[in-house]
Undergrad: 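Got a structure for you, questions after.
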Amino acid sequence: MPEFESEDDRKIKLNAVQVRSILTALKKQRKIRENAVIAFHNDSDGLCSALYTKQILRDLKYVIEPEDLLPLTHLERDKLEIDENKIYFFLDIQPPKLEENIFCVDHHIIDDRNKFINKNMLIYRPESIEYEFISTATFLSMYVRYVQQNYRFNFSRFIDKKVWWDNEFDRYVALFVAVADNIWLLSKYSPTPLLKELIDEANLTERKLIKESMGISLLLGRDMDRMKGFSDLLDKPLNLLEISQFDGIVAPRSKEIDNLYKFARDVDREAQIFVTEQNEQIDQAISLTERELERNHKTISDYMKAMPINLKKDMGTVMEMLKTVGDRDKAKWKQIEFYGKEIDRLEIHVKSLETKLKSLKDRKVLIIPDNVPGICVFISKQSSEQVKGIMSSLLYYFGQKNIVVEESEHYAIWGARGFNKDFLENELMTLIFDKRVLASYRRLEDMSKDLPSSYRRSLNISHNITMDTKYVGGMGGRGLVFGGNISGKVPQLFAILEISGFEEKIQELIAHGELSSAIKGLTEGQSEVNTVNALRTKFKSLGWVTIQVIGGPGTGDILSGEIGVPIAWLAGANKDVNLSIKSPIT
């Protein structure tokens, strides 16, 4: 394996000399190996990088068979077997190992470095990408192609001088891929209007670019024949390609694209309506409860004022006497019974109202729009593996930080946009159980000594949830893209306890004699639920707008439009939501 030395990105910028060293290495490899494999990330950036790289390799006389154009997920990349008799060019995805016959062009950071360049590798992303240029592997591949044609500009000048802008096809591809891989720059979270300005300057339509990217990603996410429809695009020389070919490729998927786009847009709309409604309802409930509480306090005060002085002197005695059997014929006893019972009834009601008011105010804190963490959408298995990632990116584009969970009978996969890793790791955990915590509740001292040693450490749901920044998604969110798997089962206790009501729920279980059965899963592996169900329970109760998409007859596929009646939850409240994705797009 050759030694690949990284460069200090503060000292050296990407330039034509560095790119020519890669082209020279490719020429040397051609003398040894005739065939080339182009392995690219299965999204728009990967595909368009392949367009330019295939032309580069063609000019170097490499043979590229149709089966050697490989769209890959990161999982597929890790399982790929390398043929020593071929060279491999990885695009928008980094290779599983480093060898002299393996090349790479990518824009994702590696080992926290923004640059990794040598004769086989071009991994580059300037520090201020949002202000210098829109980071994509296609931009880098395009630059390599220009250098191959004897352009001498360094990469910064290539971007700043808009060398790529002069060619209509290059300009379209550059902006199309910029949208596909950086859709977040068009959302309300964008730190700069650069991408919008470029789209406007090129007289292109933002929504059309987004939908075209969706179509490419959906096709590349199909389980079977994922390259069907791309052969003409990849077979032609670059100088014969036309923008209209992208339209032709995605046209057969137009209904599916519209369904998914409208679904994400309606989820955003319904989430905002739901939060607004709940805030209005809870404000009204708080106001009504406060007024009722005030009336009860006033009534108690009025009774106290009207009460005979001899009773008023010692209310404690009066209330104790209510527990005895007095002489009902005596006027004093009738006074005690009337005032005592009324005041006792009112004070019980006051306590109930105070508990209700505290609960309402606690819920209010959860659902203040600025406090709502985001949307969590649970969908069934989809016909394209890209659906969850595209939907997550669209929700982020519409302004919603979100998690989308795709689940089937045997697994669940999630993707998230807009959160940092620490926040997500915290939210993906449910209650942490510790033997000492459980033993602090009555009736548990004897039980705790029988806990297996494997449970004498903290237990949490995150042991069954993986997090990965290498998430297949189809549309970009830059550094705030995460995803992973949810697997296994957890004790039922995880699913029925809410963090906000931990002690109350424990005491309730104890009062009803049900704690032993609830805790059974910790000691005997029984009473278990799927981890994803426990996670859904947490999101439903703790301030996330949680939407469960219930499939129609035999399907829950968003692309087909058969999604049944989705239900939304927010901090304990729920409603049916109107997500009729069959209606026309406006």
Side-chain angles (χ1 to χ4, degrees), residues 43-49 92 107-108 124-143 155-217 243-244 246-247 250 257-258 260-262 264-269 272 374-375 389-402 417-419 473-481 585-586:
D43 64 5
S44 301
D45 193 17
L47 176 73
C48 291
S49 298
D92 196 39
H107 65 124
H108 300 102
Y124 182 67
R125 197 187 84 190
E127 293 176 5
S128 303
I129 60 170
E130 297 90 354
Y131 297 95
E132 295 186 20
F133 77 111
I134 311 301
S135 177
T136 65
T138 299
F139 261 128
L140 296 172
S141 301
M142 195 180 290
Y143 178 58
F155 187 65
S156 295
R157 193 175 178 198
F158 175 74
I159 296 300
D160 293 342
K161 297 297 182 182
K162 291 188 179 177
V163 175
W164 48 278
W165 194 270
D166 296 334
N167 180 292
E168 186 181 15
F169 183 81
D170 288 353
R171 180 172 67 244
Y172 180 82
V173 170
L175 293 178
F176 158 62
V177 173
V179 169
D181 229 43
N182 299 271
I183 191 173
W184 72 292
L185 289 175
L186 299 175
S187 77
K188 72 174 186 179
Y189 302 108
S190 173
T192 172
L194 174 60
L195 184 51
K196 273 186 184 297
E197 291 173 357
L198 290 172
I199 291 170
D200 290 343
E201 189 178 346
N203 198 28
L204 295 172
T205 306
E206 184 179 299
R207 181 179 291 191
K208 181 178 184 296
L209 292 171
I210 291 172
K211 289 189 173 183
E212 200 133 90
S213 170
M214 290 169 59
I216 297 294
S217 294
I243 296 171
S244 60
F246 287 97
D247 296 334
V250 301
I257 295 166
D258 284 350
L260 182 52
Y261 187 93
K262 185 178 186 299
R265 189 193 63 189
D266 285 0
V267 166
D268 165 53
R269 184 199 67 235
Q272 293 186 57
I375 300 176
I390 294 172
M391 183 176 169
S392 188
S393 290
L394 285 174
L395 287 172
Y396 194 55
Y397 165 64
F398 293 133
Q400 299 284 359
K401 297 179 181 180
N402 67 87
R417 300 287 190 273
F419 307 105
M475 299 180 78
R478 196 46 52 218
L480 298 176
V481 177
I585 301 297
T586 58

Undergrad: Over all heavy atoms of both residues, which pair between A174 and M142 is shortest? Give the atoms and the distance, please.
TA: CB-CE, 4.2 Å
Undergrad: Side chain of S49, backbone of D45: donor and acceptor closer than 3.5 Å?
TA: yes
Undergrad: Is any side-chain heavy atom of K211 closer than 4.5 Å to one of V250?
TA: no
Undergrad: Rounded to the nearest 0.5 Å, how far apart are CG of L195 and CG of L175?
TA: 7.0 Å
Undergrad: Using atom types as modelled and distance alone, determine if a side-chain donor or acceptor of N182 lies under 3.5 Å from a backbone N or O of S135.
TA: yes
Undergrad: Verify, without hydrogens or angle tests, whether N402 (side chain) and S392 (backbone) share a donor-acceptor contact under 3.5 angstrom.
TA: yes
Undergrad: Take the angle between the ring planes of F155 and Y124 and call it parallel below 30°, perpendicular above 60°, tilted in between.
TA: perpendicular
Undergrad: Parallel, tilted or perpendicular for W164 and F139, by the 30°/60° rule?
TA: perpendicular
Undergrad: Thinking salt bridges, do D268 and R265 make one under a 4.0 Å N-O criterion?
TA: no
Undergrad: For side-chain contact (heavy atoms from CB on, under 4.5 Å), just list the numbers for D92 and H108, CA-CA rounded to whole Å, side-chain angles, deciding distance to a tenth of an Å, and then say yes or no.
TA: CA-CA 8 Å; D92 196 39; H108 300 102; 3.2 Å; yes
Undergrad: Assess the pair F169 and F176: is the distance between their ring centroids shorter than 6.0 Å?
TA: no
Undergrad: Start with the C-alpha distance between D266 and K262, add both sets of side-chain angles, then the distance that settles salt bridge (charged side-chain N to carboxylate O under 4.0 Å, His left out), and finish with yes or no.
TA: CA-CA 6 Å; D266 285 0; K262 185 178 186 299; 2.4 Å; yes
Undergrad: Is V267 close to Q400 at the side-chain level, that is, under 4.5 Å between some pair of heavy atoms?
TA: no
Undergrad: For ring pair (Phe, Tyr, Trp, His ring centres under 6.0 Å), just list the numbers for Y261 and F398, CA-CA rounded to whole Å, side-chain angles, deciding distance to a tenth of an Å, and then say yes or no.
TA: CA-CA 11 Å; Y261 187 93; F398 293 133; 5.6 Å; yes
Undergrad: Which heavy atom in S393 sits nearest to a heavy atom in I183, and how many Å separate them?
TA: CB-CG2, 4.0 Å
Undergrad: Side chains of Y172 and L204: does their closest heavy-atom pair fall under 4.5 Å?
TA: yes
Undergrad: On a heavy-atom basis, which atom in H107 and which in A137 lie closest, and how many Å separate them?
TA: CD2-N, 3.4 Å
Undergrad: Would you say the side chain of C48 lies within less than 4.5 Å of the side chain of F246, judging by non-hydrogen atoms?
TA: yes
Undergrad: State whether the side chain of S187 and the backbone N or O of G399 hold a donor-acceptor pair below 3.5 Å, judged by distance alone.
TA: no
Undergrad: Taking the side chain as everything from C-beta on, heavy atoms only, tell me whether V179 gets closer than 4.5 Å to E206.
TA: no
Undergrad: Is there a side-chain contact between D43 and I216, using heavy atoms and a 4.5 Å cut-off?
TA: no
Undergrad: Working to the nearest 0.5 angstrom, can you tell me the gap between L186 CG and I199 CD1?
TA: 5.0 Å
Undergrad: Under a 4.5 Å cut-off applied to non-hydrogen side-chain atoms, are R417 and L395 in contact?
TA: no
Undergrad: May I ask you to check whether over 12 heavy atoms, not counting those of E201, lie within 6.0 Å of atom CD?
TA: yes
Undergrad: Taking atom CD1 of I390 and atom OH of Y397, what is their separation to the nearest 0.5 Å?
TA: 14.5 Å
Undergrad: Does the side chain of L194 come within less than 4.5 Å of L185's, by heavy atoms?
TA: no
Undergrad: How many angstroms lie between CD1 in I375 and CD in Q272, if you round to the nearest 0.5 Å?
TA: 8.0 Å
